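Basis for what follows: all heavy atoms, side chains included, without hydrogens, waters or symmetry-related copies. In this chain, residues are counted from 1 in sequence order. What you are looking at is a predicted structure, and each value in this text was computed from that prediction instead of being measured.
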Amino acid sequence: MSTQTAREELAVVIGLEVHVQLETDTKIFCGCSTEPAEDEAPNTRTCPVCLGLPGALPVLNEGAVEAAVKIGKALGADVPERTTFHRKNYYYPDLPKNFQITQYDAPICSDGELPVSVEGTRRTIGITRAHLEEDPGSLQHEGGSIETAEHTLVDYNRAGTPLVEIVTEPDFRSPAETRAFLAKLEEVLEYLGVFDATRDGSLRVDANISLVPEEAIADDGSIPDGALAEANRTEVKNISSHRGAEKALAYEVTRQRNAVRRGREVEQETRHWDESRGITVSMRSKEAEKDYRYFREGDLPALEVADWREALSIPELPDARRERFREEYGLEEESAAKLTSSREIADFFEEIAETFDPDLAATWVADNLLGELNYRDMAITEVDDRLDEFERLIELVDASDLTTKNAEEVVLREMLDTGEDPETIVDREGLGTADTGEVEAAVEAAIEENPEAVDDYQEGDEGAINFLVGQVMQRTGGSADPGEVNALLRDRLEA
């Protein structure tokens, strides 16, 4: 990049390669389990195929192919008549065969897109391709980071886990956009049931970053191939989260801008994101496509997949479900977004909305339950075996057997903290609603014992009524309904 370019305004251009582990029972080319055993030892969930031993032959996992086609369908991508596998040749310790079985010129999906909202602006990110491949093993750097480790260990338990690599167009113009895209992509993948975000290493990102003169960007946001070719491209690896992607790319953009300002060339290289230090470090010069010497995988025949796209069904996706919730249940945009943030949450809301008023269901699921789970850094999947208990709690409130205040502030919190069911907590804490006679007696006592507050209210001080409501609630141990108490006090004081 020249000194002249350094004086120009530079635009950020980012493209992503997103590696998604697929939720299958076995690995992509062998029968080894993809589910780690508890306290499993390294290199034990392996076989001759995933260890790349001589003479071992791969057999393609049909479930992985189905998952890839579903992803392509959700992204509006083309699925070809025929897809093939290739060998990508390179040496790295986590690749026992010295090549990776992947796809090259006939990927299983191509030319898709994913709409995403970034700070209120809706954009469409182009998907160049999505292809199947096997995951390498995992490296464990002992004694420090990749730069300072005393030695590195290799665990091949992950080797052979099925991956779909989703390659985007260079459509991102800021790190924040990549974070929004990854969150949306993960949401779609979870709805499809092909991905588990809680699994370690389930989503990993390689990002390609270039700085190009702003004047090279067309009015429609596209960038001529020539402009991209002139700008050296840096690849950043080892990104494993939405937040990590934004941080890594923000650092790398700043590093490149500083280099250009100093009149230095931005090198075409591969860099490693060191999350613990918040920096990228150089790994090696960036390989070109020809360096991998792709050639056809002779042990796997071509696969006819064109009919799979129509044969395989996918569930209602987040955007469509969000819009339906707004139309069918009359929800506000924010509430609909919360309730469709995961398929499990949306399913639970619809189950509750079948029995109770949709507004009540939305308040309890979107605000109360999710709020308490988020406070505890928990996901709804951690309590999915107790959803019937949360439904019974809502039923107690709806039937006026429990005040909303006690349900929210005592019972729900105790349920999450102790694991007890709502009925047990209500009985133990004596939280059943007070009967009408008890409430009326408490109202009379509050009026009689607080003449100054009564005078203040009758002189127009609305705040005084809140004090009196508090006195009644204290006398009833919180078992009275605050709205009912407020109405009784006003009727009594204005009589």
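Tested against Phe349 for a ring-ring contact (aromatic ring centres under 6.0 Å, His included), the candidates Tyr329, Trp364, Phe356 yield a single pass: Tyr329. Evaluated for a side-chain contact (heavy atoms from CB on, under 4.5 Å) with Ile209, the options Thr280, Val253, Val266 yield exactly one hit, Val253.
Among all heavy-atom pairs drawn from Ala130 and Val164, the shortest one is CB-CG1, 4.0 Å. Contact between Arg129 and Gln103 at its shortest, heavy atoms only, is NH2-O, 3.0 Å. Closest approach of Arg376 to Arg413, counting heavy atoms only: NH2-O, 3.6 Å. Of all heavy-atom pairs spanning Ile239 and Ala248, the tightest one is CD1-CB, 3.9 Å. Considering all non-hydrogen atoms of both residues, Ala67 and Val194 come closest at CB-CG1, 3.7 Å. For the pair Arg123 and Phe172, the tightest heavy-atom approach, listed with the atom from each and the gap, is NH1-CA, 4.4 Å.
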Are Lys237 and Glu235 close enough, and set up right, to give a salt bridge (charged side-chain N to carboxylate O under 4.0 Å, His left out), and what steps lead you there? CA-CA 7 Å; Lys237 289 183 172 289; Glu235 182 180 35; 3.8 Å; yes

Residue pair Glu165, Arg204: steps toward the salt bridge (charged side-chain N to carboxylate O under 4.0 Å, His left out) verdict: CA-CA 9 Å; Glu165 179 177 339; Arg204 305 190 299 279; over 6 Å; no

Step by step, would you call Glu391 with Ile394 a side chain to side chain contact (heavy atoms under 4.5 Å, CB included)? CA-CA 5 Å; Glu391 186 170 356; Ile394 299 170; 5.5 Å; no

Would Arg324 and Glu350 satisfy salt bridge (charged side-chain N to carboxylate O under 4.0 Å, His left out), going step by step from the backbone distance to the final call? CA-CA 11 Å; Arg324 180 170 65 81; Glu350 293 221 80; 2.8 Å; yes

Might you work through the salt bridge (charged side-chain N to carboxylate O under 4.0 Å, His left out) test for Arg255 and Glu269, ending with a clear yes or no? CA-CA 13 Å; Arg255 187 192 71 82; Glu269 62 177 337; 3.8 Å; yes

Leu303 vs Thr84, test: side chain to side chain contact (heavy atoms under 4.5 Å, CB included). Steps then yes/no. CA-CA 6 Å; Leu303 185 65; Thr84 57; over 6 Å; no

Tell me, with the steps shown, if Arg257 and Leu211 meet side chain to side chain contact (heavy atoms under 4.5 Å, CB included). CA-CA 8 Å; Arg257 286 193 186 280; Leu211 299 181; 4.0 Å; yes

For the pair Thr152 and Glu142, evaluate side chain to side chain contact (heavy atoms under 4.5 Å, CB included) and give the outcome as yes or no after the intermediate values. CA-CA 6 Å; Thr152 297; Glu142 300 296 312; over 6 Å; no

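Heavy-atom neighbours of Asn374 CG from other residues, nucleotides or ligands within 6.0 Å: above the threshold of 12.
For the pair Asp78 and Lys73, the salt-bridge criterion is not met [side-chain N within less than 4.0 Å of a carboxylate O]. Remark: Arg296 does not engage Asp105 in a salt bridge, criterion side-chain N to carboxylate O under 4.0 Å. Checked for salt-bridge contact, Arg386 and Asp421 miss the test: no charged N lies under 4.0 Å from a carboxylate O. A salt bridge between Arg199 and Asp196 is absent, with no side-chain N of the basic residue lying under 4.0 Å from a carboxylate O of the acidic one.
Looking only at distances, no side-chain donor or acceptor of Asn61 sits under 3.5 Å from a matching main-chain atom of Phe29. For the pair Thr424 (side chain) and Glu420 (backbone), a donor-acceptor distance under 3.5 Å is absent. Judged by distance alone, the side chain of Thr340 and the main-chain N or O of Ala346 form no donor-acceptor pair under 3.5 Å. Under the 3.5 Å distance criterion, the side-chain polar atoms of Glu177 are matched with a main-chain donor or acceptor of Arg173. The main-chain N or O of Ala159 is found under 3.5 Å from a side-chain atom of Lys27 such that the two form a donor-acceptor pair. With hydrogens and angles disregarded, a donor-acceptor distance shorter than 3.5 Å links the side chain of Asn43 to the backbone of Tyr156.
To the nearest 0.5 Å, the span separating CG on Asn89 from CG on Asp291 amounts to 11.5 Å.
The side-chain tip of Lys88 points at the ring of Tyr292 from less than 6.0 angstrom away and within 45° of straight on. Lys97 forms a cation-pi arrangement with Phe99, by the criterion of a distance under 6.0 Å to the ring centre and an angle within 45° of the ring axis.
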